[in-house]
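Since the structure is predicted, the reported quantities are computational estimates derived from the model, not experimental observations.
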Amino acid sequence: MNFGAQLRPAGPAPGGTRNPAALLRDLSLHFTALGITRLARQTGLDRIGIPCYAAIRPNSATLATHQGKGVDDISAQISAVMEAAEYAIAETPETPQRTLSIAEARAGGHELLDVTHLLPRRAAIDESKPISWVEGFDLATDAPVLVPYDAVVLGTPPRDFIGLQQSTNGIAAGTRLSGAILHGLCEVIERDAVCLWSYKPDAAAKATAVSPAAFGDRTVDALTDKIMRAGFRLRLFDQTNNIGVPVIYAALFPADGADKHFDLTTGASCHPVAAVAARRAIVEAAQTRITNIAGARDDIVEGEYDQRLGRSIAVLTEPTPTTRPAPVGLPADSGEDVLIAALQAGLARAGLKRVVVIPLGGAQFGIEVAKIYVPGLEDRLTNSNWRPGSRATAAMLGFL
């Protein structure tokens, strides 16, 4: 099947032209099938006022509470519902499975996704053992790629690759497959950038600070003003690396200082349009704060509430001159095909030419969910079996 053809215009796609209110209405018709019992407005739990919602899935095989954020209520609700849908569909992906050993797959000329980086160090792989695979495709060539089922499903422990780290990294939803690919690519590039930036010495990290005003964006300015009027401070950092696609990191903390771990919250975002990356990083930092206040997220560790703020994070609160210009990105009106092409071009410039897309389903809900892998990007934030790759090693040595 030529999956890549799904990215090319072929008339209006289902849901492709829906406005946000209509999209939310349509998605609400599927709440029962997705396991969503309610949407909770959490904005009022904090005094900042940036819209934040939670979609609740009590019988989830993974997280039961899914956070969403946005510049208005509708976008925040859609954000929460889309995250819940991503999890629900990834828990029971619709992608057909086939069983082959690695040896049989190679003998048959199949391209395979190497998942060694997701396995514990020195894990043994039996190439004669039957394994469940799903079929993805190479974004550049449309060529089929077999991916272990264990590496795409959520909530079901690995059966074939024991100890393999499963995560939501690169799982994204859109009203079309192209939207899911766009969001998934942005996420894996963002996680790579946050990892590499963390190796910068304090002075170099602070030198990446950029003023919100540098983006020349009314929405960024409005969010900044809302934060300041609520008695908080906002710091933005440009984490864009050799991929060349804007990545912005936001740090949000009380104006009178931060002492504990939860006093400071952060958000990160990658997007070819720099102002969009900044907006999304800011609202994610606000969402993180409300998530901590609500205390309902399944993956919050109790001890974190009393944990002191670490030096590596506290450095983000220190006053820093912000004369750095905003990263250069694409025009705000760029279409999805242009945005995806920019992401592919940036990855290729960095020597990362392979993008594997695995469609997971969702058409019955009027959306598409996909899992994205870009071999070579760093995934330290989501992979407990992570070992430094060539990019992290270069960053540690100060070359990236």
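- When only modelled atom types and interatomic distance are considered, Thr224 and Asp221 share no side-chain donor-acceptor pair under 3.5 Å.
- Under a cutoff of 6.0 Å and an axis angle of 45°, Arg191 and Tyr249 do not form a cation-pi pair.
- Atoms CG and CG, on Leu154 and Leu63 in that order, are 9.0 Å from each other to the nearest 0.5 Å.
- Both Val338 and Ile243 are assigned to one and the same hydrophobic cluster, defined by single-linkage of ILVMFWY side chains at heavy-atom distances under 4.5 Å.
- The minimum heavy-atom distance linking Ala268 with Val194 is given by the pair CB-CG2, 3.8 Å.
- Remark: Arg47 CZ is packed, more than 12 non-hydrogen atoms of other residues, nucleotides or ligands lying under 6.0 Å away.
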*Yes or no on side-chain contact (heavy atoms from CB on, under 4.5 Å) for Leu343 and Ile189, after CA distance, side-chain angles and deciding distance?*
CA-CA 9 Å; Leu343 292 166; Ile189 293 172; 3.7 Å; yes
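- A distance of 9.0 Å separates CZ in Arg233 from OG1 in Thr317, rounded to the nearest 0.5 Å.
- Residues Leu23 and Ile78 meet the side-chain proximity criterion, which asks for heavy atoms closer than 4.5 Å.
- Taking 4.0 Å as the cut-off between side-chain N and carboxylate O, Asp225 and Arg229 count as a salt-bridged pair.
- More than 12 heavy atoms of other residues, nucleotides or ligands lie within 6.0 Å of CG in Asp72, so this atom counts as buried by the packing criterion.
- With sequence neighbours excluded, the residues forming a side-chain contact (heavy atoms from CB on, under 4.5 Å) with Ser79 are Lys69, listed by chain and number.
- Leu100 is connected to Val152 through a chain of hydrophobic side-chain contacts under 4.5 Å among Ile, Leu, Val, Met, Phe, Trp and Tyr, so both are in one cluster.
- No side-chain heavy atom of Tyr373 sits under 4.5 Å from any side-chain heavy atom of Val355.
- Using a 4.5 Å heavy-atom cutoff, the side chains of His117 and Asp379 are in contact.
- The distance from atom CD1 of Ile162 to atom CD1 of Ile125, rounded to the nearest 0.5 Å, is 12.0 Å.
- A donor-acceptor pair is defined here as one N or O able to donate and one able to accept, closer than 3.5 Å; such a pair exists between the side chain of Glu104 and the backbone of Ser101.
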*Would you sort out whether Arg106 and Glu127 count as a salt bridge (Lys or Arg N to Asp or Glu O under 4.0 Å), showing the intermediate values?*
CA-CA 10 Å; Arg106 286 179 175 157; Glu127 297 197 355; 2.9 Å; yes
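- In terms of heavy-atom proximity, Ala342 sits nearest to Leu330 at CB-CD1, 3.6 Å.
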*Chi angles and distances behind the side-chain contact (heavy atoms from CB on, under 4.5 Å) call for His66, Met82*: CA-CA 9 Å; His66 305 274; Met82 283 297 211; over 6 Å; no
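- Within the 4.5 Å cutoff, no side-chain heavy atoms of Thr65 are placed close to those of Thr291.
- A salt bridge between Glu378 and Arg387 is absent, with no side-chain N of the basic residue lying under 4.0 Å from a carboxylate O of the acidic one.
- The minimum heavy-atom distance linking Thr240 with Val245 is given by the pair CG2-O, 3.4 Å.
- Note on Ile48 and Phe262: separate hydrophobic clusters, where clusters join Ile, Leu, Val, Met, Phe, Trp and Tyr whose side-chain heavy atoms are under 4.5 Å apart, directly or indirectly.
- Connection of Leu339 to Ile248 is not established within any shared hydrophobic cluster, with ILVMFWY side chains joined at heavy-atom distances below 4.5 Å, either directly or through further cluster members.
- For Leu29, the side-chain contact (heavy atoms from CB on, under 4.5 Å) test picks out no residue, with sequence neighbours left out.
- Checked against side-chain contact (heavy atoms from CB on, under 4.5 Å), Ser132 has the following partners two or more places apart in sequence or in another chain: Gln97, Thr99, Tyr149, Arg159, Asp160.
- Asp138 places no side-chain N or O within 3.5 Å of a backbone atom of Ala143 that could act as its donor or acceptor partner.
- The distance from atom NE2 of His110 to atom CD of Glu135, rounded to the nearest 0.5 Å, is 8.5 Å.
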*Output, in order, the C-alpha distance, side-chain angles, deciding distance and verdict of side-chain contact (heavy atoms from CB on, under 4.5 Å) for Glu111 and Leu146.*
CA-CA 6 Å; Glu111 288 291 327; Leu146 292 184; over 6 Å; no
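- In this structure, Arg391 contributes its side chain and Leu377 its backbone to no donor-acceptor pair below 3.5 Å.
- Interatomic distance, CD of Glu187 versus CG of Leu182, reported as 11.5 Å (0.5 Å rounding).
- Note on Ile358: it clusters hydrophobically with Ile89, by side-chain heavy-atom contacts below 4.5 Å among ILVMFWY residues.
- Within the 4.5 Å cutoff, no side-chain heavy atoms of Pro331 are placed close to those of Val273.
- Arg354 places none of its side-chain heavy atoms less than 4.5 Å from the side chain of Val374.
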*Chi angles and distances behind the side-chain contact (heavy atoms from CB on, under 4.5 Å) call for Ile171, Lys371*: CA-CA 4 Å; Ile171 295 180; Lys371 171 84 170 181; 3.3 Å; yes
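- Under the 30°/60° scheme for interplanar angles, the aromatic rings of Trp197 and Phe237 are found to be tilted.
- Looking at Glu190 and Cys195, their side chains never come closer than 4.5 Å, going by heavy atoms from C-beta outward.
- Remark: the backbone N or O of Phe161 is paired with a side-chain donor or acceptor of Asp150 at under 3.5 angstrom.
- Checked for salt-bridge contact, Glu336 and Arg176 meet the test: a charged N lies under 4.0 Å from a carboxylate O.
- No side-chain donor from either of Glu91 and Thr156 sits under 3.5 Å from a side-chain acceptor of the other.
- A donor-acceptor pair shorter than 3.5 Å cannot be found between the side chains of Ser167 and Asn169.
- Between the side chain of Asn383 and the backbone N or O of Gln165, no donor-acceptor pair lies under 3.5 Å.
- Annotation for Ala105 and Leu112: closest pair CB-CD2, 3.7 Å, computed over non-hydrogen atoms.
- Nearest heavy-atom pair across Asn242 and Ala350 is ND2-CB, 3.7 Å.
- No side-chain donor-acceptor contact under 3.5 Å links Arg324 and Ser211.
- By the 4.5 Å heavy-atom criterion applied to side chains, Phe137 and Pro144 are not counted as neighbours.
- Residues Glu86 and Ala173 approach most closely at OE2-N, 3.2 Å, considering heavy atoms.
- Taken from CD in Glu368 to OG in Ser178, the straight-line distance is 9.5 Å, to the nearest 0.5 Å.
- Checked by atom type and distance alone, the side chain of Asn385 pairs as donor or acceptor with a backbone atom of Gly163 at under 3.5 Å.
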